[in-house]
There are 2 protein chains.
Amino acid sequence: MSEDTPEEPKPRRRQARGERRIAQLLSAAANVFCTNGYTATSTNAIAREAHVSPGTLYQYFPNKEAIAIELGGRLLHEMRAAHGQAFTPENLTLPLPELLDVVVDPMIEFNCENPVFLALMHGSEVPGRIAEEHDALHASLLTSVQGVIAHYAPALTAEERSRIADMTFAIFKGGLGLVLAAPAGAERDATVAELKRVLLRYLSPLADGSVTTTPTR
Amino acid sequence: MSEDTPEEPKPRRRQARGERRIAQLLSAAANVFCTNGYTATSTNAIAREAHVSPGTLYQYFPNKEAIAIELGGRLLHEMRAAHGQAFTPENLTLPLPELLDVVVDPMIEFNCENPVFLALMHGSEVPGRIAEEHDALHASLLTSVQGVIAHYAPALTAEERSRIADMTFAIFKGGLGLVLAAPAGAERDATVAELKRVLLRYLSPLADGSVTTTPTR
DNA sequence: GGAAAATGCGAGTGATCACTCGTGTTTGCC
DNA sequence: GGCAAACACGAGTGATCACTCGCATTTTCC
């Protein structure tokens, strides 16, 4: 929730304890959502995880969905920030391998540190509101990727560009699952490197001016 | 204890109607699981979708989990059959583009015709029994992919081979999501072709004898 | 035809869940 | 200190869910 909205009939006085509780509840919710999924998670379980009574939980959130909305909203906000930092105009001029580093690494890091993000954004069991915001972020990311592709291969049609961007993102998503499944450390790093290798091999022919729809063999 | 029936403690006489009902219930369950997910699906909703009373449903399945088990088991069985047909020894000798056709097409087709498969196998909300069987199938598929990779690039270490197989499968999974999201027809075909292009570009360097762990930049 | 088994029904049952409410405690402000 | 508001609690409430049970109907076998 932003603080500059004029439609706030609830000017809360106490903030220190309250904000702490909200953060505590969201953190607990992230843990439980992550392990059980949204639907199978009970509000009582969230309260228990936060060492708080159910009544206290409902003092800060009107219902279960609002918890996911708030949590998802915060994650989406962070994600958008990372996204904006990755797809800067100057980064767009980097050679492909370096561009991949600059774009992939922050995204991977974010998801490693917030595994609940994938859990919340992926399932069809999440409340519609989250799904909408996620779709918006997804579209925004796709547009950025399309921009990169257009920069590397200006000759492509919009349809081809769109398809390649979709596929690039799907590859990343699939690889992300692998990375999250790998234990943090050398194995995870190797998986990330492999993911970048996939993307590099898939995308580097674009820079050569070869048309993707023409079989080269 | 006194009854020593080895496998079938339930000799059902009537089979025509019963088997029909079971198929009907499983089909209904597939629909509802597909749209709502496993956890959010109620047994009453399955019965309603099948135009059957809740009591009738529980005459054929002891509980909700058993429905998913049976449905998942049948799908896994079909999937295993398709898998076995794809990874035949003679197919292994095909050149990579043809091998991709032979392996990818049936898998895509199966998932297009049984979208509930992904829905059931993917979520962490599914009963543990399904997850186990799915893990077994997953491991089996990975072994096959590793076999192919070993054939194309015998010089790789087991670790590299495993990582490449994992990544290949992750790419396929990601692309599969795209394919299922695309409307059936030309767009879907184009997406499948793009997926094969990704896999081809990722895997074809293996056949050239270049070592993947050496940076080529 | 008639017994027995299989099939079918749907209201009912206990458990669980999201959520509330009455009450007690802590904190900010004078 | 004292008051009001924010905070905290946890037993309780209505709804929903997975699942049952008594009974009616259909099918099979003789």
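Below, read A as the first sequence line, B as the second, and so on, with proteins coming before strands; counting in each chain starts at 1.
A:T143 places a side-chain N or O within donor-acceptor distance of the main-chain N or O of A:A139, the cut-off being under 3.5 Å.
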Under 3.5 Å, which N/O atoms of the protein pair with N/O atoms of nucleotides 11-14 of chain D?
none

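Of the residues in residues 22-41 of chain A, not one places a heavy atom less than 4.0 Å from an atom of DNA chain D.
The side chain to side chain contact (heavy atoms under 4.5 Å, CB included) search around B:T88 returns B:E90, B:N91, not counting sequence neighbours. A:R129 is linked by a salt bridge (Lys or Arg N to Asp or Glu O under 4.0 Å) to A:E133, counting only residues two or more places apart in sequence or in another chain. In this structure B:V145 satisfies the side chain to side chain contact (heavy atoms under 4.5 Å, CB included) test together with B:F87, B:I149, B:A165, B:T168, sequence neighbours excluded. Residues passing the salt bridge (Lys or Arg N to Asp or Glu O under 4.0 Å) test with A:D105, sequence neighbours excluded: A:K196. Partners of A:R74 according to the salt bridge (Lys or Arg N to Asp or Glu O under 4.0 Å) rule, which considers only residues two or more places apart in sequence or in another chain, are A:E70.
Among the heavy atoms of the strands lying under 4.0 Å from B:Y60 are primed sugar atoms or P, OP1, OP2 only; no base atom is included.
Sorted by first then second residue, the side-chain hydrogen bond (donor to acceptor under 3.5 Å, both in side chains) pairs that include residues 28-39 of chain A, not counting sequence neighbours, are A:N31-A:E49, A:T39-A:E125. Sorted by first and then second residue, the ring-ring contact (aromatic ring centres under 6.0 Å, His included) pairs involving residues 160-185 of chain B (not counting sequence neighbours) are B:H138-B:F169.
When the side-chain nitrogen and oxygen atoms of A:T43 are compared with OP1 and OP2 of C:dC19, none of them lie within a distance under 4.0 Å. Side-chain nitrogen and oxygen atoms of B:Y58 include at least one within less than 4.0 Å of the OP1 or OP2 phosphate oxygen of D:dC19.
Between A:I46 atom CD1 and C:dC19 atom C1' the separation is 13 Å, expressed in whole Å. At whole-Å resolution of the value, CG in B:N63 and C1' in D:dC17 are 14 Å apart.
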Revision key, fill the gap. Quick tally for nucleotides 23-30 of chain D: nucleotides whose base has a protein heavy atom under 4.0 Å get B, sugar-phosphate-only ones S, the rest -, giving ----BSS-
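Within the 4.5 Å cutoff, the side chain of A:R21 has no heavy atoms near those of the A:L57 side chain.
Over its length, the helix from C:dG1-D:dC30 to C:dC30-D:dG1 turns its helix axis by 10°, as judged from the five terminal pairs at each end, rounded to 10°.
Annotation: the span from B:L195 atom CG to B:L176 atom CG amounts to 8.0 Å, rounded to 0.5 Å.
Checking C:dA18, D:dC19, C:dC9 against every side-chain atom of B:K64, the shortest atom distance belongs to D:dC19. With distances taken from any side-chain atom of A:R21 to the nucleotides D:dA8, D:dA18, C:dC19, the minimum falls on D:dA8. Considering only the side chain of A:S53, D:dA8 comes nearest among C:dG10, C:dT20, D:dA8.
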Under 3.5 Å, side-chain donor or acceptor atoms of residues 109-124 of chain A against the rest of the protein: list the pairs with distances, not counting sequence neighbours.
unit_1	atom_1	unit_2	atom_2	d
A:N111	ND2	A:M107	O	2.9
A:N114	ND2	A:F110	O	3.0
A:H122	NE2	B:H122	NE2	2.9

Exercise for review: Start with the C-alpha distance between B:T56 and B:S53, add both sets of side-chain angles, then the distance that settles side-chain hydrogen bond (donor to acceptor under 3.5 Å, both in side chains), and finish with yes or no.
Suggested key: CA-CA 5 Å; B:T56 297; B:S53 83; 3.2 Å; yes
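Residues A:R197 and A:E194 are paired through a salt bridge, judged by an N-O separation under 4.0 Å between the basic side chain and the carboxylate.
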